[in-house]
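Step one of this worksheet: look at the structure below.
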Protein chains: 2
Amino acid sequence: MVFKLLVVEDDAEIREIITDYFTEKSNQAFDIDFAKTGDEGIEKCMAKEYDLVLLDIMLPGIDGFTICRELRKVSNIPIIFITARHSESDKLYGYHLGCDDYITKPFSLAELYAKVMALLKRSKGMVRNEIMTAGCIKLDPYRCTVFVNDKEVALAPLEFAILKILMENRGKVISRESFIIRLWGYDFDGNERVVDNHVKKLRKALGEGGKLIKTVFKKGYKLEVE
Amino acid sequence: MVFKLLVVEDDAEIREIITDYFTEKSNQAFDIDFAKTGDEGIEKCMAKEYDLVLLDIMLPGIDGFTICRELRKVSNIPIIFITARHSESDKLYGYHLGCDDYITKPFSLAELYAKVMALLKRSKGMVRNEIMTAGCIKLDPYRCTVFVNDKEVALAPLEFAILKILMENRGKVISRESFIIRLWGYDFDGNERVVDNHVKKLRKALGEGGKLIKTVFKKGYKLEVE
DNA sequence: AGGGCATATAATATAAATATAACATATGAA
DNA sequence: TTCATATGTTATATTTATATTATATGCCCT
């Protein structure tokens, strides 16, 4: 699922860091468009083809408040103000005009991202995106799916769990004992070979991606990342 | 329209100022209930009768983060954290657990009120009125009707409820336990197979659309939609 | 290079989860 | 009440995952 985002912001640097951060963090799940002036902003907003708008207030031409007010006459697209204005009255005015949230500069990209995801989830009934990536492998714990080179592969529950542990600890060696404790519990008294077997199946199922799982002699397994 | 609000907060003064402000500002449009400890909070949340929860983090007993996590397993009720913890990592953790917004003490009552109203508008709009779509399936929660390829299909009430949960959480895997808590309540002590049975009937009733309901082995069910 | 231990592999057996169907009970409308 | 529909239970079939074992291969150290 790709989300269409409109960033109405005259500061080129801010546009750039948002694009970079969102693109990387989401694994290209955002299609980001820009408007550099208020006039361009209102025009693009009215096209009504975006899933969410990030709106600066002080802009060349029409200001962000006005854009929000006009937009709310014809649409209830999610709107987050992102602005240097800290005063409470500005925030309240923003909410009064029907925005969904408000973040002040300088802001944390991680926080902005979290706000966007929370709002998208609420407005679209859509999923927050916490896809993990390692090389050609992608894992979505929310949907319990795995992709290698963007092609879905089916994994058994234990294989999925093993891969998830490896991806949560990219580069780190995980011992067989550690896998067993995490997945079978302390009281498991079976054969340690069981881990090998599942790793083998996991590698096979991952195809090319399986090569990223490295055996570390006498230590365990790790997920190699570049 | 009266909104039912739950305030989970151990500080009596804060509970009081919130109540006074919200009651006056909204002309008694809020029916406000309280929980003074984490344990009371989680119990009341699970009753599933509120429109929104304001959640303090540091509480006697179970903490707010835990309440949020548990709650999100069975509900997507709007949650706003309201806490003295300012750190970015706390905020991000809150969003990670699925909260909708976050406000730090000391906070402006007007701003909290604005956030609550914005969120209620968003969540009510979505759940109550909008037709949900997933592939060839359309569900109108307001009219309680379901269409597959624009042809209406008749569903039993439980089948409808199951489909609605799946569509509200498109893509997300929902466990049998989660279905049971949502639909039968946490004190249900019958057989888990009951979910399978209703899913089976639901799939059959949906015909072609039934194929979108995927079994995730050892995890539950999800609605597949790309 | 070769012995000894570690790991990979494959085949098989076991166990577990899920689908299904038939039945029993409850609920609600006519 | 009676009928129809919805729901819950249970037993069984089917599918799938998992564990065990035996054997082959590979790695590392002297």
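Given the structure is predicted, the values throughout are model-derived calculations rather than measurements. So you know, we letter chains A, B, ... as the sequences are listed, proteins then strands, and number each from 1.
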[atom1] of [X] versus [atom2] of [N]: gap in Å, rounded?
X: A:Lys218; N: C:dC5; atom1: NZ; atom2: P; result: 10 Å
X: A:Trp184; N: C:dA15; atom1: CH2; atom2: P; result: 17 Å
X: B:Phe179; N: C:dT18; atom1: CZ; atom2: C1'; result: 15 Å
X: B:Glu177; N: C:dA17; atom1: CD; atom2: P; result: 14 Å
X: A:Leu183; N: C:dA16; atom1: CG; atom2: P; result: 17 Å
X: A:Phe217; N: C:dA8; atom1: CZ; atom2: C1'; result: 12 Å
X: B:Lys214; N: C:dA19; atom1: NZ; atom2: P; result: 12 Å
X: A:Asn197; N: C:dT7; atom1: CG; atom2: C1'; result: 11 Å

May I ask you to check whether over 12 heavy atoms, not counting those of B:Glu177, lie within 6.0 Å of atom CD? no
Is the count of non-hydrogen atoms from other residues, nucleotides or ligands lying under 6.0 Å from A:Phe188 atom CZ greater than 12? yes
So, [X] and [Y]: side-chain donor and acceptor under 3.5 Å apart, yes or no?
X: B:Thr23; Y: B:Gln28; value: no
X: A:Arg170; Y: A:Thr133; value: no
X: A:Tyr95; Y: B:Lys115; value: yes
X: B:Arg182; Y: B:Ser178; value: yes

With nearest nucleotide decided by heavy atoms, which residue, B:Lys201 or B:Thr215, maps closer to the 5′ end of DNA chain C? B:Thr215
Toward the 5' end of DNA chain D, by each residue's nearest nucleotide, A:Asp189 or B:Pro157: B:Pro157
Using heavy atoms to find the nearest nucleotide of DNA chain D for B:His198 and A:Val194 separately, return the residue whose nucleotide is more 5′. B:His198
First locate atom CZ of B:Phe81, then atom OG1 of B:Thr83, and finally report the distance between them rounded to the nearest 0.5 Å. 8.5 Å
If you draw the axis of the six-membered ring of B:Tyr50, does the NZ or CZ of B:Lys4 fall within 45° of it and under 6.0 Å from the ring centre? yes
Of the listed C:dA10, C:dT7, C:dA17, the closest approach to the A:Lys200 side chain comes from C:dA10
Salt-bridge test for A:Glu224 and A:Lys222: reply yes if a basic N is under 4.0 Å from a carboxylate O, no otherwise. yes
Within residues 164-174 of chain A: residues closer than 4.0 Å to DNA chain D (heavy atoms): none
First and last nt of DNA chain D near chain A, cut-off under 4.0 Å to heavy atoms, 5' to 3', are D:dA17 to D:dC28
Over all atoms of both residues, closest heavy-atom pair of B:Val53 and B:Ile77: CG2-CD1, 3.6 Å
Is any side-chain N or O of B:Asp196 under 3.5 Å from a base N or O of C:dA17, one able to act as donor and the other as acceptor? no
Measuring to OP1 and OP2 of [N], would you say a side-chain N or O of [X] lies under 4.0 angstrom away?
X: A:Arg203; N: C:dA8; value: yes
X: B:Arg193; N: C:dA17; value: no
X: A:Tyr221; N: C:dA6; value: no

Under 4.0 Å, heavy atoms only, any strand: does A:Phe160 hit a base, just the sugar-phosphate, or nothing? nothing
